[in-house]
Amino acid sequence: MLVSPPLVRSLVTGHPPYRASQGEIREAARTLFPRMAARPHLLDVFDNAQIDSRALSRPLEWYLEPRGFGEKNAVFVEEARALTLRLAREALAGAGMAPAEVDAVVVVNTSGLSTPSLDAFLLGALGLNPHAARLPVWGLGCAGGAAGLARAADLVRAGYRRVLLVAVELCSLTLVRGDESKSNFVGTALFADGGAALVVTAADVPGPPPLAALHGAFSTLIEDSEDIMGWDVVDDGLKVRFSRDIPTLVRSMMRENVAQALAAQGWSRADVGTFVVHPGGVKVLAAYEEALDLPPGALDSSRRVLAAHGNMSSVTVLFVLEEVLRGEPLGQGLLSAMGPGFSAEHVLLSFGPLD
C-alpha cells in the first residue's frame, strides 16, 4: 500500500528586534579585536562574507562591553522564548490549526541553554496539548534545521499527525569579546540571530494546500571529525570552533553523499531540480556547486538569504526553503546542511500538486 508522505502546511520566519549593517559590525570589530584590526587585510573577511545586514538580540553597542556566560544566556532565554512563541503562533495560524490539536513539538537550537527546554515553555505559553510529545534537539548546529525537519516527518510517520517544529538561534550571543582567535573573528563576520516555525502533518489532516511533501531523510556522521566545528565552553560563554577547511570537505564528499541520500529513496541526481542548501558561507556554496555540478543560479536562494540575514546556524536552511517556495518550485528537491559532528543532513522533498 502506498503511504502518503508527511506534508509541510506552513512555514514562517522572523528575527529579534535589532539589526546592524555589515559595515557597522565591521567597525565594531575594531573595538572588539584591536590586535587583529591593526592588520587591515584581516577585516576583509567582513566584506568577503557578502552579507549586507544581520539581526541581533541586543543593540550593537551592547556587544562592545564584556558579558559573562550567565548574562548572555539570560538574554538567550528571554529572546528565544519571545521569538519561538511569536513564530509558533504564526505557523499554527497559517496551518489553520488550534494549539490544542498539536500532537508533538520539536524545538531545535544550539546557541544557548534552557532547562526546562523551550518546548516545555511553548506548551504552557501557547496552550498546547499538555500530553503532546516533546523533542528538544540541541547540539546539531547548522545541520539542526534539516535534522529537525526530518524528525518532525518521522514523528508524523510514527502516528503523531500534527507536529509543530520551531528552530531558534541567537548566534550573536556567542561572541567572545576580546578573544582574537581566527574562529571567533570569522564567527563575528558571519553569525546572526533568527527563528523559523513549521507545521508538518499527515496527508489526510485537513488544512491549506501543502507547501512541500517530505519523502525521506539521510544522515551521515564523518569519522574522526569532531574537531571540525563546535563550541568550546569558556568562562565567557560558547566559543565557536572551526579547525578545518569546510569547503574542501564539501568538495571531497558531497557528490557521493548526495548520491547515497537519493539512492536510499530510489531517486537519482537527474530527478532533483531544486536544491535548498544551508549557506554556511560563500565558499561553502561554491563548493556545493562544484561538487554537484549545479547550473548557474541553482543556489541563488541560498545566496540571497546569506546576504539579507547572515548565518543563523540551524535556522538558515529553513529561511532558504521559504525563499525557494516564493519561486513556486515544482518537482523533486533536496534540502541539505552540514554541522558539528562533523555531519551532513539531507531531506528529500517534492513541490507542487501531489500525485
Side-chain angles (χ1 to χ4, degrees), residues 12-33 37 43 45-47 49-91 107-114 118 121 125 141-142 144-145 166-179 184-197 231 236-240 279 281 304-320 322-323:
V12 298
T13 61
H15 295 288
Y18 304 100
R19 179 167 286 271
S21 71
Q22 186 76 333
E24 290 171 327
I25 297 173
R26 174 183 169 133
E27 288 306 305
R30 296 182 185 276
T31 299
L32 293 167
F33 312 109
L43 290 173
V45 67
F46 288 86
D47 298 326
Q50 297 182 21
I51 296 170
D52 297 329
S53 66
R54 290 179 270 162
L56 305 173
S57 295
R58 287 291 183 265
L60 182 57
E61 56 269 21
W62 184 87
Y63 298 86
L64 301 182
E65 299 297 328
R67 308 287 177 183
F69 193 5
E71 181 180 7
K72 288 190 286 188
N73 200 70
V75 172
F76 171 83
V77 172
E78 176 186 345
E79 295 297 336
R81 284 186 167 194
L83 188 57
T84 56
L85 180 59
R86 172 165 61 87
L87 294 178
R89 281 175 173 157
E90 292 177 7
V107 176
V108 176
N109 79 280
T110 302
S111 50
L113 305 177
S114 176
L118 293 169
F121 161 74
C142 296
V166 184
V168 60
E169 302 288 5
L170 306 181
C171 301
S172 72
L173 298 173
T174 67
L175 165 70
V176 178
R177 187 190 186 282
D179 170 27
N184 191 49
F185 193 67
V186 171
T188 303
L190 291 174
F191 283 161
D193 301 349
W231 299 130
D236 291 331
L238 301 174
K239 174 186 172 182
V240 69
R304 286 193 293 270
V305 167
L306 183 65
H309 307 289
N311 184 342
M312 301 167 286
S313 190
S314 69
V315 173
T316 323
V317 76
L318 302 176
F319 271 69
V320 177
E322 181 183 52
E323 182 71 16

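- Between N109 atom CG and L170 atom CG the span is 8.5 Å, to the nearest 0.5 Å.
- Between the CZ atom of R177 and the CG atom of N184 there is a distance of 11.5 Å, given to the nearest 0.5 Å.
- Below 30°, between 30° and 60°, or above 60°: for W231 and F191 the angle between ring planes is above 60°, a perpendicular geometry.
- Within the 4.5 Å cutoff, no side-chain heavy atoms of V240 are placed close to those of F185.
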Query raised in the report: Between E79 and S57, does a side-chain hydrogen bond (donor to acceptor under 3.5 Å, both in side chains) hold up when you go through it step by step?
Result: CA-CA 7 Å; E79 295 297 336; S57 295; 5.7 Å; no

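- Taking 4.5 Å as the limit, every side-chain heavy atom of Q22 sits out of range of all side-chain heavy atoms of D52.
- The distance from the SG atom of C142 to the CG atom of N311 is 4.5 Å, given to the nearest 0.5 Å.
- Nearest heavy atom pair, residue S114 against residue V77, reads CB-CG2, 4.3 Å.
- With contacts defined as side-chain heavy-atom distances shorter than 4.5 Å, the pair L118/V166 does not qualify.
- Taking CG of L306 as the start and CZ of R54 as the end, the distance is 9.5 Å to the nearest 0.5 Å.
- Atom CD of E323 and atom OG1 of T13 lie 9.5 Å apart (nearest 0.5 Å).
- Residues T110 and S314 have side chains not in contact (no heavy-atom distance under 4.5 Å, counting atoms from C-beta outward).
- Side-chain contact between V107 and F121: absent, with no pair of heavy atoms (C-beta onward) separated by less than 4.5 Å.
- Here the closest non-hydrogen pair linking H15 and A55 is ND1-CB, 3.4 Å.
- Of all heavy-atom pairs spanning L60 and A20, the tightest one is CD2-CB, 4.2 Å.
- Every residue two or more places apart in sequence or in another chain that forms a side-chain hydrogen bond (donor to acceptor under 3.5 Å, both in side chains) with S21 is listed here: E24.
- Between R58 and Y63 there is a side-chain heavy-atom pair separated by less than 4.5 Å.
- When atom types are taken as modelled, the side chain of D193 and the backbone of C171 share a donor-acceptor pair closer than 3.5 angstrom.
- A donor-acceptor distance shorter than 3.5 angstrom exists from the side chain of E169 to the backbone of S111, with no hydrogens or angles considered.
- Nearest heavy-atom pair, H309 versus M312, reported as atom, atom and distance to 0.1 Å: CB-CE, 3.6 Å.
- At distances below 3.5 Å, at least one donor-acceptor pair connects side-chain atoms of R67 with backbone N or O atoms of W62.
- In this structure the side chain of D47 reaches within 4.5 angstrom of the side chain of R26, judged on heavy atoms.
- In this structure, the side chains of L175 and K72 stay at 4.5 Å or more apart for every pair of heavy atoms.
- For the residue pair S172 and L56, the shortest heavy atom distance occurs at CB-CD2, 3.8 Å.
- Smallest separation of non-hydrogen atoms from F46 and I25: CE2-CG2, 3.8 Å.
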